Structures are given as C-alpha cells and as structure tokens.
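Values in this document were obtained by computation on a predicted structure and should not be read as measured data. Below, chain A is the first sequence line, B the second, and so on; all start at residue 1.
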Amino acid sequence: MSSVSLLLAKLITEAGYPTPISPVTTGDTPYTSAVKFEDLNLSPELLKGLYIQMNFEKPSKIQSISLQMILTPPFKNLIAQAHNGSGKTTCFVLGMLSRVDPKLIAPQALCICPTRELAIQNMEVLLKMGKYTGITSELALPTDNKKDYISVSKRAPVIAQVIIGTPGTINKWIKAKKLGTSQMKILVFDEADHMLAESGFREDSVRAMKEIVKECPNCQVLLFSATFNDKVKDFISNNIKVIFKEEYNELFVKKEELSLESLKQFKVKVPDELSKIIVIKDKIMEIAEKVGQTIIFVRTRRSAEILHEALVKYGYEVTTIQGSLTLEHRDKIVKEFKDGLTQVLISTDLLTRGFDQSKVNLVVNYDLPVNHECDTKPDNEVYLHRIGRAGRFGRKGAVFNLLCGDTDEMIMKKIEHHFNHYVTEVPSWKSDEDFEDALKKAGLM
DNA sequence: AAAAAAT
C-alpha cells in the first residue's frame, strides 16, 4: 500500500468509520474522505436535491470515500466495491450529475445496467437527485416490439445529457450513430462484476467501453458492485486495466466481511420439495403479513409459476416477476410492489441485483443459488445479492434458506464457509414457535 | 438458469 493509501485509511478512521473497505490508489493525487456533502464542491442545485428530494444528511461510508475519488481532478477511473444497501447508486449518480456540463446539449454520461428494472430505478434516483439541475436524461431500453415499435434508424439522435440503459439497446444506438459518444465524460457500469463476467454481459460491456474510451480517451470509467469474485478480478486485471491505461483507484471489501450485520440468516431443513410449498404457505405467508414486504427467490421461471399458482390456489395474494413476462407486466408488478400494494413477491434472479425497496425485511431462498455450470456448487455472489434485498441501509432483516436434501445442506455449508458467517438452523420446519423465535432473533418482532 | 436482445 502506498503512503497515500495509508493516509487515506487514517483519514477514514478519523471520520468515524471503522470500515473494512481498503482503498488502493495509484499516482499521487491526495484524497481526503468527505464528512459532509459540502466537502465535495457540489453545485448548490445538487446539494438542494440531496437534502430536499433525497432527505440525505451526510455521506455514507462508501460515499465519503469514493465521491472524493470520483470528483477530484484528474478524474480517474474507479473500481469500487461496497456492501449491499450502502449507497452505491448515490455515488455514481452524483458522479454523473457533477461531471455533466449543463450548457452542452449532448450525451455526456452513460450508465449501463444488467436489467431494465435496475435502469429504471437508477433513472428515478437520477431524476430526484438532479431535480434542480436542469440536466436532461433518457432511458436506453428495449421496447415492447409488438406495438408502436420504432426502428433505431427512424428514431431521433439522443440529445439527453445522461443516458441510463441496458447493454443491447445502448450498443445498438451507438452502432446506429444515434447515441453520440464524442462528448462522453463519465461511463458507469452498475453491477460491474456481472457486466464483465464470462457468463454475463462481457462482450457487450467491453465493446461499449472500448468504443467510448477510443472516442474519448479522458472519459472516466466507474465500476461499481457489492461483489467482485476472483475470476472477475482477474479479468479486470488482465483486460480492463489495459483499457484504463494509466491511473485508476480501487476500493475492495474482503469477502468474509460482506455479510450485513443487520441481517439474520436462517436455514430450514425440509424433507421434500412439496414441503417447501407448505413452509411458504403456512409459515412465510403468515410471517410476511407481520414483518413488512417479502421477496421469495426461485431458480427458474417455471418454478416461479408453480409456486405462484399453488399459493393463489390456497387463497394467498402474491405476485411474480420473471423475464418471460411482457415488459408492461413486469413494470406493473414492480410498481405495485414499490408502492406497497403487494406484500409478497416471487422472483427469479431478475431482481437479485440492485433492487431497492426499503420495506423489504424478509428474503426467502426457495431454491439456493447454484453455479450454472455445476449445480452442486453455490453461487456465492448471487446469494449475497439476493439477501441484500433485505436490510437496506442498516435496517433489520431476516433470510430463510429452504434446504431439501444433502446437496442443499452441502451448498449451504459452502456458502457459510465462503462468507465466514454461520447461518442459524430453525429446529423444525413445522413449528410456528420456531419461526417466531427466528423473527425475534432478527429483531423483527 | 436467468439476465439483455434480436431474430
């Protein structure tokens, strides 16, 4: 670690954050951590947005460290990891809004996200936070191609200053010369590890990054996520840092320190697949009424359907979201849940990353997240992102993992070992008291 | 497998 990083580490401690985030800086730009938003040279319009629209008081850990790195010239690239629900979105949205020149009518900031839902959510934050800035924005997302489909060649060129979208549409617009990249000042990858993972969006992401950096060598690139596994870190070291060329900053958290303190995790052993449905029906649905909103994660679209139908048949109100639904339907389900009109949502890994709904206090892994190449291995990253849908910003939350059979138990053990975090067993899947006990331990009752 | 997206 360089002397600069040591200095930074010291400053961070003095700011009152005994944080496991370890900054690594290259070059000799000195950074201090921001204690107040006023320390960041933000425009009065942005500060107003932060205080009045967002009701923020002071920067969170990750914000106080990363915002200085993002906003201090020379504007260096940044690879930043931080815990779920710790305010990463604010970091890059503030970054984008600060770097845009309001007088220049051209795309200057671009944020690429893995799902439509996340892009829409990020746009909502941007609009709120940037309300007084007059900065313009547009979503780059696929549309329902059945009705009023406008082909790319027919649409007008993008003049909005900030663009948020998904990789396919963004690349399509760039290729069709509808999204100009010549004035780009900042490029953000939300859920960057997934955007650069082999089985993820790697080609699309790298293509967009190369194209923009070629056109604008000074464009600042930000990679944000709660997880960066070793494979992705290797890929970034070998392929992305080359694109970054010179100087970049890094913030990482040890995997053993990624589990949220405020979340209490449980495992429930059940004898067979059918009893999983019984646990959801008799225990989870009853609990969900009392503790706030709940998300139940399943592995496949089909099992989402099956569980949904079973619960509806038993007379419970649930909604389900998965990728084969129409876009219109997906939007409706998310909106209803965010508006608090629905309490229990069944989801595939569509909502695993980034979905932010503060009232979610309970997450259920109906199926454990497994590695797509080898289903006896866990997908630790997906696990962490799923459970991170509860306990946003330090709120209390509970997680129930339903385990059926030896393989599930082994996978659960591996997850516990990976994060060095013991998951408490609920003694009996049939006992109401055991579940109530669990909620008491989680501080939800 | 699911995510985006285009076919």
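- Rounding to whole angstrom units, NE2 of residue His385(A) and P of dA3(B) are separated by 16 Å.
- Atom pair Tyr366(A):OH and dA2(B):P shows a separation of 15 Å (rounding to whole Å applied).
- Using a 4.0 Å cut-off, no side-chain N or O of Thr115(A) falls inside it from OP1 or OP2 of dA3(B).
- Taking the six-membered ring for Trp and the full ring otherwise, the centers of Phe228(A) and Phe252(A) sit less than 6.0 Å from each other.
- Among dA4(B), dA1(B), dA6(B), the nucleotide with an atom closest to any side-chain atom of Lys172(A) is dA6(B).
- When heavy atoms are screened at a 4.0 angstrom cut-off, Thr352(A) is found touching no nucleic acid atom at all.
- Across the protein-nucleic acid pair, Phe297(A) atom CZ and dA1(B) atom P stand 19 Å apart, rounded to whole Å.
- Computed from coordinates, the Ile321(A) CD1 to dA3(B) C1' distance equals 12 Å when rounded to whole Å.
- Contact annotation: Arg116(A) side-chain N/O to dA2(B) OP1/OP2 distance is not under 4.0 Å.
- A cation-pi arrangement, defined by a distance under 6.0 Å to the six-membered ring centre and an angle within 45 degrees of its axis, is absent between Lys76(A) and Phe244(A).
- Between the P atom of dA6(B) and the CD1 atom of Ile170(A) lies a distance of 12 Å, rounded to the nearest Å.
- The separation between Arg299(A) atom CZ and dA3(B) atom P is 13 Å, rounded to whole Å.
- Pro114(A) comes within 4.0 angstrom of the backbone, heavy atoms only, and of no base.
- Between Thr348(A) and dA3(B), a side-chain N or O to OP1/OP2 separation shorter than 4.0 Å is present.
- Between Asp204(A) atom CG and dA2(B) atom P the separation is 19 Å, expressed in whole Å.
- In this structure, the CD atom of Glu203(A) is 14 Å from the C1' atom of dA3(B), given to the nearest Å.
- Side-chain N or O atoms of Ser275(A) include none that pairs as donor or acceptor with a backbone N or O of Val270(A) at under 3.5 Å.
- If you look at Phe435(A) and Phe266(A), their ring centroids are not closer than 6.0 Å.
- Within 4.0 Å of Arg353(A), counting heavy atoms only, lies no atom of the nucleic acid at all.
- In this structure, Lys276(A) is positioned above the aromatic face of Tyr366(A), its NZ or CZ under 6.0 Å from the six-membered ring centre and within 45° of the axis.
- Within the nucleic acid shown, Arg302(A) has no heavy atom closer than 4.0 Å to any nucleic acid atom.
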